[in-house]
Amino acid sequence: MDVGTSARKQPRADYMSRIVEAGTAACRLYGPSKTNVADIARLLGKSPASVYKIFPSKAAVWDAIAGNFFGSELCFTPSADGEVVSAAGRLKETALGQHRLMLQARHGDCQMFDLVVLAAEGGWPSFRDYLKRLQTNVGELIRTGIETEEFVARNVNAAASCFCASLISLWDPRIIGALPSSHCELSAHELASFAVAALRQVNAGGDGTPRRA
């Protein structure tokens with residue numbers, strides 16, 4: 001890409017970011033079901049037509065807003081200088097940290113939480129990307145655990161897929177939204193511990209002797 005092409009695309013990228021920022025503000029003000037493109041355009045001081053020059057549809061705008069929220073507010077990253085150094089510990093920290101972010105959004109940013117529930121219910125690209133990112137991060141930690149011999153050697157992609165499937169109740173906004181207000185994180189702690197422990201297990205051979213999975 002030449003410099004001229006890059007320069008022409010930069011204003012478009014900047015305006016896209018401004019639309020997402022204004023859309024987030026509008027969703028928080030009015031809720032996703034009551035917000036429309038005209039509200040976003042008004043916050044920008046622009047016309048709705050200018051928004052549609054960047055996004056082909058209202059659905060694309062909403063998906064971009066949800067994607068930004070998934071990537072910024074609902075993306076847990078263990079601290080690089082944290083006390084947890086084992087792969088197993090970091091995997092459990094990630095599982096519970098991601099769950100806490102969902103709970104915090106549910107209770108502290110309910111309008112945006114409602115939006116990501118819609119994204120999950122509709123199978124939007126933003127939600128699918130969120131799940132893919134989780135599985136990628138989990139896979140990297142499982143690979144590290146196998147290399148350090150904390151976990152039994154196995155297919156990393158399959159293990160990451162199974163691990164995420166077993167903990168989906170902690171990460172899916174549809175399920176989080178249905179939790180009773182008295183929900184306690186202890187159950188999440190136990191579930192994450194169980195899932196991590198499964199990565200250390202070996203399968204028994206036909207003669208009853210353990211063998212590596």
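Please read all numbers here as calculations on a predicted model, not as lab measurements.
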Has Arg128 got a side-chain atom pairing as donor or acceptor with Gly123's backbone, closer than 3.5 angstrom? yes

Which value, rounded to the nearest 0.5 Å, describes the distance between Lys92 atom NZ and Leu96 atom CG? 6.5 Å

In sequence, state the C-alpha distance, the side-chain angles, and the governing distance for Phe113 and Met102, and then conclude on side-chain contact (heavy atoms from CB on, under 4.5 Å). CA-CA 8 Å; Phe113 184 78; Met102 274 291 176; 4.0 Å; yes

List the atom of Phe127, the atom of Ala119, and the distance in Å for their closest heavy-atom pair. CB-O, 3.7 Å

Shortest non-hydrogen separation from Cys75 to Gly71 and the atoms involved: CB-O, 3.4 Å

Distance check, rounded to the nearest 0.5 Å: Asp129 atom CG versus Phe70 atom CZ? 9.5 Å

Passes side-chain contact (heavy atoms from CB on, under 4.5 Å), Ser169 versus Leu191? Steps please. CA-CA 10 Å; Ser169 64; Leu191 182 56; 3.7 Å; yes

Between OH of Tyr15 and CG of Leu44, what distance do you get to the nearest 0.5 Å? 5.0 Å

Does a donor on one side chain sit under 3.5 Å from an acceptor on the other, for Ser57 and Tyr52? no

Does the Arg154 side chain pair with the main chain of Leu199, one donor and one acceptor, at a distance under 3.5 Å? yes

Honestly curious: do Val138 and Ile168 fall in one hydrophobic cluster under the side-chain, below-4.5 Å linking rule? yes

Lys46 NZ to Ile54 CD1 distance, which is reported to the nearest 0.5 Å: 10.5 Å

Ile19 reachable from Met16 in the ILVMFWY side-chain graph, under 4.5 Å edges: yes

Stepwise side-chain contact (heavy atoms from CB on, under 4.5 Å) check, Asp172 with Tyr130: CA-CA 10 Å; Asp172 190 319; Tyr130 159 74; over 6 Å; no

Find out if a path of hydrophobic residues (ILVMFWY) with successive side-chain heavy-atom gaps under 4.5 Å connects Leu118 to Ile65. yes

Any chance you could lay out the side-chain contact (heavy atoms from CB on, under 4.5 Å) test for Met112 and Glu73, step after step, and finish with the verdict? CA-CA 10 Å; Met112 291 303 294; Glu73 303 298 323; over 6 Å; no

Tightest non-hydrogen contact, residues Leu101 and Phe76, listed as CD1-N, 3.5 Å

Heavy atoms of Ile146 and Ala153 approach each other most closely as CG2-CA, 3.9 Å

Asp39 side chain to Ala26 main-chain N or O, any donor-acceptor pair under 3.5 Å? no

So, Gln98 side chain and Leu74 main chain: donor-acceptor pair closer than 3.5 Å or not? yes

Quick one: sort the Trp171 and Phe163 rings into parallel, tilted or perpendicular, breaks at 30° and 60°. tilted

Is the count of non-hydrogen atoms from other residues, nucleotides or ligands lying under 6.0 Å from Glu21 atom CD greater than 12? no

Taking all heavy atoms of His99 and all of Ala188, pick out the closest pair and write down the distance. CD2-CB, 3.6 Å

Looking at CZ of Arg90 and CG of Asn137, how far apart are the two atoms once the value is rounded to the nearest 0.5 Å? 10.5 Å

To the nearest 0.5 Å, what is the distance between CG on Leu91 and OG1 on Thr144? 10.0 Å

Side-chain donor or acceptor of Thr24 paired with backbone N/O of Val20 under 3.5 Å: yes

Taking every heavy atom of Leu43 against every heavy atom of Ala25, the minimum-distance pair comes out as CD1-CB, 4.2 Å

